[in-house]
Amino acid sequence: MEALLINGGKRLEGEVRISGAKNAALPILAATLLADEPVRLRNIPHLNDVTTTIELLGRLGVSVTIDEKMSVEVDSTTITQFEAPYDLVKTMRASILVLGPLLARHGRADVSLPGGCAIGSRPVNLHVEGLRAMGAEVEIDNGYIRARSEQLKGARLVLETVTVTGTENLVMAATLAEGQTVIENAAREPEVVDLIDCLNQMGARIAGAGTDTLVIEGVERLHGTDYRVLPDRIEAGTYLVAGAITGGIVRVKDVRPEHLESILAKLREAGATVNIGDDWVEVDMRDRALKAVGLRTAPYPAFPTDMQAQFSALNAVAEGTGTITETIFENRFMHVLEMQRMGADFQLEVHTAISQGVKKLTGAPVMATDLRASASLVLAGLVAEGETRVQRIYHIDRGYERIEEKLRLIGADIRRINDSQ
Ligand code: EPU
């Protein structure tokens with residue numbers, strides 16, 4: 001198994017190019033199942049979750065070609081299977097995103113139930129209830145969601161909780177439903193908007209993107225298109241925290257600064273100077289004192305749960321008391337327990353991690369059970385004294401493209417090793 005070996009204490013300085021957004025690429029790859037012509041996608045990040053999605057499409061019989069610039073062409077007209085099997089769904093929950101498109105376009109979908117995961121129980125009941133309201137017959141059988149429908153019908157759906165992939169699944173299903181679908185309490189994340197922009201470019205009629213009410217007029221078919229996926233705001237945020245936590249100056253480029261607002265507000269609160277251009281953001285923390293922040297995760301445009309672990313690392317070494325409250329997932333503080341092994345001082349209450357910043361962390365072997373937690377341990381390693389070995393980095397490779405190369409370019413002492421332990 002591979003690990004990342006970090007020698008902490010280097011101040012990071014420089015520029016990082018941000019890749020396409022994982023959480024936009026995954027639903028958009030699933031959306032290609034709705035089209036009756038090839039779809040070309042650009043700025044697809046080179047990540048394990050993308051590879052898994054492409055493998056899933058391949059198992060369905062869909063033809064996918066990829067060039068060296070990760071421009072992907074998907075032709076779903078060759079489809080022969082309608083099942084997302086357990087062996088793929090268990091490695092990537094986002095496989096659930098094929099449910100809506102398969103059902104809407106082919107009248108059937110068998111998708112393994114994802115089950116619990118390292119950050120919480122993560123049910124998919126709202127996906128299922130929404131499809132039922134659109135007239136589908138959905139059964140849970142032998143661990144599979146088995147959905148059938150001759151023709152989905154438009155419906156008014158009021159989502160009990162804001163759900164990102166739930167909104168995405170239902171929007172995709174509604175594009176080919178008969179009549180109008182209204183989704184209330186829809187997710188407003190930029191990745192949902194990106195999916196909707198792509199669907200509209202394929203001929204869908206969806207209004208209200210970026211608001212909590214989506215109105216979808218069903219159409220008979222979706223056609224091919226050429227679409228560029230938006231930049232990854234979480235990857236960008238992670239490198240900005242890397243700059244801040246090491247007292248350096250880091251610029252992320254090829255980003256959409258307006259999507260980073262809640263993250264930048266917290267970086268300012270932490271004492272950083274933030275400079276913003278058209279498609280770049282720079283955090284300058286040189287000769288400034290890092291101060292602990294208080295934050296609470298919530299759906300967009302509030303502070304993202306996917307940046308919570310990275311700010312836990314920041315709070316661990318910042319001056320003063322920090323409080324981080326997680327409201328989206330019930331079990332997303334594994335990184336805090338690992339950081340304690342590096343000398344961090346956290347008190348964990350049910351949904352809140354209260355920190356007393358320490359002057360220094362010390363390197364240690366650490367591992368985490370999910371993607372963002374692993375990234376936060378890399379950040380902690382960047383400021384820790386001595387060597388930190390981050391194990392089980394397949395989690396990081398699910399969501400960060402060549403993290404060690406990008407960090408090395410801005411001055412980090414980090415390398416990937418084969419780790420026999
Ligand atoms: N929920 C339900 N029922 C449902 C669906 C969701 O109760 O049917 C609850 C969940 O248990 C959770 C809340 O709703 O408490 C929000 O979950 P959501 O459905 O929005 O999460 P998701 O769609 O499964 C996506 C991202 C996650 C990100 C969350 C929250 C993708 C592929 N994944 O997950 O990304 O944390 O939204 O923003 O878009 C990551 O990239 O590391 C990651 C975990």
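Just follow the structure's listing: the first ligand is 1, and inside any ligand the first atom is 1.
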Chemist: Tell me yes or no: between the side chains of Gln391 and Asp419, is some donor less than 3.5 Å from an acceptor?
Modeler: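 Yes, Asp419 and Gln391 have a side-chain donor paired with an acceptor closer than 3.5 Å.
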Chemist: Return yes when Arg332 approaches ligand 1 closer than 4.0 angstrom through a heavy atom, no otherwise.
Modeler: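 Judged by the 4.0 Å heavy-atom criterion, Arg332 does count as contacting ligand 1.
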Chemist: Out of Thr305, Leu159, Ile328, Thr327, whose heavy atom is nearest to atom 38 (O) of ligand 1?
Modeler: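 Among Thr305, Leu159, Ile328, Thr327, the closest heavy atom to atom 38 (O) of ligand 1 belongs to Thr305.
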Chemist: Can you check which of Glu330, Arg122, Glu168 brings a heavy atom nearest to atom 34 (O) of ligand 1?
Modeler: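 Heavy atom nearest to atom 34 (O) of ligand 1 belongs to Arg122.
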Chemist: Among all the protein's non-hydrogen atoms, which is closest to atom 3 (N) of ligand 1, and how far away is it?
Modeler: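 Its nearest protein heavy-atom neighbour is Asn125 OD1, 2.7 Å.
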Chemist: Quick check against the 3.5 Å criterion: does Glu326 have a side-chain atom that pairs as donor or acceptor with the backbone of Ile328?
Modeler: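 Checking the backbone N and O of Ile328 against the side chain of Glu326, a donor-acceptor pair under 3.5 Å is found.
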Chemist: For the side chain of Thr32 and the backbone of Ile28, is there at least one donor-acceptor N/O pair under 3.5 Å apart?
Modeler: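 Such a contact is absent between Thr32 side chain and Ile28 backbone.
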Chemist: Could you establish whether Val162 and ligand 1 come within less than 4.0 Å of each other, counting only heavy atoms on the residue side?
Modeler: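 The answer is yes, since Val162 has a heavy atom less than 4.0 Å from ligand 1.
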Chemist: Give the residue and atom name of whichever protein heavy atom lies nearest to atom 1 (N) of ligand 1, and the separation in Å to one decimal.
Modeler: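 So the nearest neighbour among protein heavy atoms is Pro123 O, 4.0 Å.
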Chemist: Considering only the protein, which heavy-atom contact is closest to atom 36 (O) of ligand 1, and what is its distance?
Modeler: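 That would be Asp306 OD1, 2.6 Å.
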Chemist: Tell me, please: is Gly399 in heavy-atom contact with ligand 1, that is, under 4.0 Å?
Modeler: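 The answer is no: ligand 1 sits nowhere under 4.0 Å from a heavy atom of Gly399.
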Chemist: OG1 of Thr53 to CE of Met92: how many Å apart, nearest 0.5 Å?
Modeler: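 Nearest 0.5 Å value for the OG1-CE distance: 3.5 Å.
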Chemist: Decide side chain to side chain donor-acceptor pair (under 3.5 Å) for His335 and Gln308; before the verdict, give the C-alpha distance in whole Å, the side-chain angles of both, and the deciding distance to 0.1 Å.
Modeler: CA-CA 10 Å; His335 47 281; Gln308 179 261 101; 3.0 Å; yes
Chemist: Within the 4.5 Å heavy-atom criterion, are Val192 and Tyr300 side-chain neighbours or not?
Modeler: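 No, too far: nothing below the 4.5 Å cut-off.
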Chemist: Could you tell me the residue and atom name of the protein heavy atom closest to atom 20 (O) of ligand 1, and the distance to it rounded to 0.1 Å?
Modeler: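 Among all protein heavy atoms, the one nearest atom 20 (O) of ligand 1 is Val164 N, 2.8 Å.
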Chemist: Hey, does Lys22 sit under 4.0 Å from ligand 1 if you only count heavy atoms?
Modeler: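 The answer is yes: ligand 1 sits under 4.0 Å from a heavy atom of Lys22.
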Chemist: Identify the protein heavy atom lying closest to atom 26 (C) of ligand 1, giving its residue, its atom name and the separation to 0.1 Å.
Modeler: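 Checking every protein heavy atom, the shortest distance to atom 26 (C) of ligand 1 gives Asn23 ND2, 3.6 Å.
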Chemist: Any chance NE2 of His46 has more than 12 other-residue heavy atoms, nucleotides or ligands included, within less than 6.0 Å?
Modeler: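 Open.
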Chemist: With the side chain counted from C-beta on, respond yes when Thr238 and Met307 share a heavy-atom pair under 4.5 Å apart, and no when they do not.
Modeler: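 Thr238 vs Met307: side chains touch.
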Chemist: When you measure from atom 22 (P) of ligand 1 to every protein heavy atom, which one gives the shortest distance, and what is it?
Modeler: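 Minimum-distance protein heavy atom for atom 22 (P) of ligand 1 reads Thr165 OG1, 3.5 Å.
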Chemist: Nearest protein heavy atom to atom 14 (O) of ligand 1, by residue and atom, and its distance?
Modeler: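 Protein heavy atom at minimum distance: Thr161 CG2, 3.5 Å.
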Chemist: May I ask you to check if ligand 1 and Thr163 share an N or O to N or O distance below 3.5 Å?
Modeler: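 Min N/O separation from ligand 1 is below 3.5 Å for Thr163.
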Chemist: Using the ring of each side chain (for Trp, its six-membered ring), is Phe82 parallel, tilted or perpendicular to His106, with breaks at 30° and 60°?
Modeler: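 Geometry flag for His106 against Phe82: tilted rings.
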Chemist: Write out the residue and atom name of the closest protein heavy atom to atom 21 (O) of ligand 1, then the distance separating them to 0.1 Å.
Modeler: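 Checking every protein heavy atom, the shortest distance to atom 21 (O) of ligand 1 gives Phe329 CZ, 3.9 Å.
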